[in-house]
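We count ligands from 1, going down the list as the structure has it; atoms in each ligand are counted the same way.
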Amino acid sequence: MAYIEPAPIKDKENPLESMMERFNIAAEKLGLSDEVYNVLKNPAKQVIVSLPITMDNGKIHVFEGIRVIHSNILGPAKGGIRFAPDVHLDEVKALAAWMTWKCAVVDIPYGGGKGGVRCNPREMSKGEIERLMRAYTLAMLDVFGPDKDIPAPDMGTGPREMAWLMDEYSKAHGMTVNAVVTGKPLVLGGSLGRTEATGRGVMVSALGAMQKLKINPFQATCAVQGFGNVGSWAARLLEERGLKIVAISDISGAYHNENGINIVEAIEYRDSNNGTLEGFKGAEKLTDPMELLELEVDVLVPAAVEDVITIKNVEKIKAKLIVEGANGPTSAKADAIINEKGIMAVPDILANAGGVTVSYFEWVQNRLGYKWTAERVNRRSDRIMKDAFDHVYEASVKYDVPMRIAAYIVAIDKVAKTYTFRGGF
Ligand code: NAD
């Protein structure tokens with residue numbers, strides 16, 4: 001049966017729709033020509049494959065695999081592979097475009113890509129997931145490549161899956177090609193510093209913004225939603241730089257302590273407690289976890305899931321600065337109110353780009369056949385993040401727009417100029 005693309009997303013509060021809304025505003029501000037607008041609106045390549053897999057019960061199940069390259073004008077496409085039951089082409093297309101903007105904002109030589117396999121990894125055995133990952137890799141042999149398209153982990157995949165991908169790709173090419181994928185285990189060529197990279201970039205963005213807002217880190221308070229990789233690293237590094245973290249949260253609830261939470265203790269507690277903060281004694285549990293977003297703090301870091309700051313709660317937000325660790329935590333409609341309230345919001349495509357920056361370093365190290373120290377990785381990624389922040393801030397002043405639109409302007413301008421110089425259409 002022919003592939004039927006799901007209807008476009010209608011929900012205006014959907015983060016992917018939100019991305020296109022912001023793209024349109026930035027394109028208008030830039031005076032982007034219709035020709036370039038149409039090129040950037042459409043992905044360069046979309047591949048859909050059927051993946052028949054023998055399941056543990058002996059039956060063959062056919063999964064659908066997708067890979068979209070939004071743009072490779074700045075360099076090879078870069079973007080994760082999502083294993084999720086509801087993943088579909090429209091979503092992958094939008095996420096691929098998102099990667100184009102994110103890489104362009106931090107000025108790394110990559111285009112944007114994204115992949116997805118419609119499956120439920122939670123209901124699959126390790127063997128089934130491995131067979132699926134290997135089949136997806138084989139089906140995408142012509143798409144992937146260190147100079148063409150470099151995947152990475154995303155929702156439902158991690159270093160284990162990336163190791164299988166690298167192995168399958170390498171076998172097909174008769175040599176070890178570790179630069180074909182990032183987010184690998186360290187021993188296979190993963191980079192030091194990758195684990196903390198996104199939280200670290202959030203910290204650098206937050207400090208850059210605090211400097212502009214004249215907020216002294218040693219007198220500032222901060223609330224962090226989400227205590228996984230991004231949230232806990234951001235909280236820890238911000239605490240190290242003097243901020244008082246008064247609230248943290250995860251799926252088990254939100255925890256508040258006006259005198260400040262000891263983040264190292266909270267991390268140790270989480271790690272010894274099946275990965276959750278449930279029962280954490282260093283703070284009081286809030287009755288409604290969403291209250292965390294409404295606390296009277298200087299800095300708010302949403303670092304859990306998308307669409308948490310919406311038209312429903314934005315009026316109650318009291319923070320002076322929002323630094324988006326998560327992808328798409330603020331809806332487009334809430335944006336307008338954030339701006340009216342005079343809150344600075346450092347957008348996801350800038351604030352959480354530390355992750356893709358160190359993924360880029362992983363690829364650079366693989367290609368060099370060399371390993372950098374954690375200190376070198378951190379120093380270089382801090383510099384890239386700070387430069388990107390300054391660049392976006394300058395654009396926000398120049399075009400008199402909020403940081404979010406400024407980030408899109410910086411990204412779209414770079415990609416559009418490259419198209420114009422390269423020409424050929
Ligand atoms: P993670 O799975 O390590 O952590 C997610 C955390 O959020 C967990 O603590 C979970 O309990 C918590 N959580 C889930 N639902 C919640 C809710 N409703 N309220 C409060 N907490 C909730 O994931 P992560 O890697 O830290 O990613 C977090 C966000 O950052 C995602 O949006 C992800 O796309 C984005 N991001 C991650 C990276 C990266 O390098 N890991 C890079 C860029 C963007």
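Of the listed options S359, A304, G183, A304 places a heavy atom closest to atom 31 (C) of ligand 1. In this structure, of I248, D154, V305, T195, the residue bringing a heavy atom nearest to atom 18 (N) of ligand 1 is V305. Distances from atom 19 (N) of ligand 1 to the heavy atoms of Q225, R82, K102 show the closest one on Q225. Nearest to atom 33 (C) of ligand 1 by heavy atom, out of N327, T276, L292, is N327. Across A234, G325, A152, heavy-atom proximity to atom 36 (N) of ligand 1 is greatest for G325.
At the top of the distance list for atom 25 (O) of ligand 1, counting protein heavy atoms only, stands N229 CB, 3.8 Å. Ranking the protein heavy atoms by distance from atom 26 (O) of ligand 1 puts V230 N, 2.9 Å first. Scanning all protein heavy atoms for the shortest distance to atom 14 (C) of ligand 1 gives I251 CD1, 3.8 Å. The shortest contact between atom 6 (C) of ligand 1 and any protein heavy atom is with G228 N, 3.6 Å. In terms of protein heavy-atom proximity, atom 44 (C) of ligand 1 is closest to N352 ND2, 3.4 Å.
Which parts of ligand 1 touch R194 is read off a 4.0 Å heavy-atom cut-off, strictly below it: atoms 40 (O). In summary, the atoms of ligand 1 found under 4.0 Å from a heavy atom of F227, numbered by their order in the structure, are 6 (C), 9 (O). Near A303, meaning under 4.0 Å from one of its heavy atoms, ligand 1 places the atoms 28 (C). Each of the following atoms of ligand 1 lies closer than 4.0 Å to a heavy atom of A326: 29 (C), 30 (O), 32 (O), 35 (C). Within ligand 1, the atoms closer than 4.0 Å to a non-hydrogen atom of S249 are 20 (C), numbered from 1 in the order shown.
Ion pairing between a basic and an acidic side chain is recognised when a charged N comes within 4.0 Å of a carboxylate O; D167 and R134 show such pairing. Between D390 and K386, at least one side-chain N (NZ, or NE/NH1/NH2) sits under 4.0 Å from a carboxylate O, which counts as a salt bridge. Classification of E324 and R404 as a salt-bridged pair holds, one side-chain N sitting under 4.0 Å from a carboxylate O. A salt bridge links R82 with E91: the distance from a Lys NZ or Arg NE/NH1/NH2 to an Asp or Glu carboxylate oxygen falls below 4.0 Å.
Distance alone, capped at 3.5 Å, is enough to place a donor-acceptor pair between the E239 side chain and the I263 backbone. Distance alone, capped at 3.5 Å, is enough to place a donor-acceptor pair between the W363 side chain and the P146 backbone.
Proximity of T198 to ligand 1, defined as any heavy-atom pair under 4.0 Å, is confined to the side chain (atoms from C-beta onward). The residue E278 has no part lying near ligand 1, judged by heavy-atom distances below 4.0 Å.
Atom 3 (O) of ligand 1 lies below 4.0 Å from at least one non-hydrogen atom of the protein.
For the residue pair K371/S191, the side-chain donor-acceptor check at 3.5 Å is not satisfied. Side-chain contact annotation: N327 with N352, donor-acceptor N/O pair under 3.5 Å present. Side chain to side chain, E64 and S50 fail the donor-acceptor criterion of an N or O pair below 3.5 Å.
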Let's go through N72 and Y110 carefully: what are the C-alpha distance in whole Å and the side-chain angles of both, what is the deciding distance for side chain to side chain donor-acceptor pair (under 3.5 Å) to 0.1 Å, and is it a yes or a no? CA-CA 7 Å; N72 49 12; Y110 279 151; over 6 Å; no
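E362 pairs in a side chain to side chain donor-acceptor pair (under 3.5 Å) with only one of the listed residues (K184, R367, R194), which is K184.
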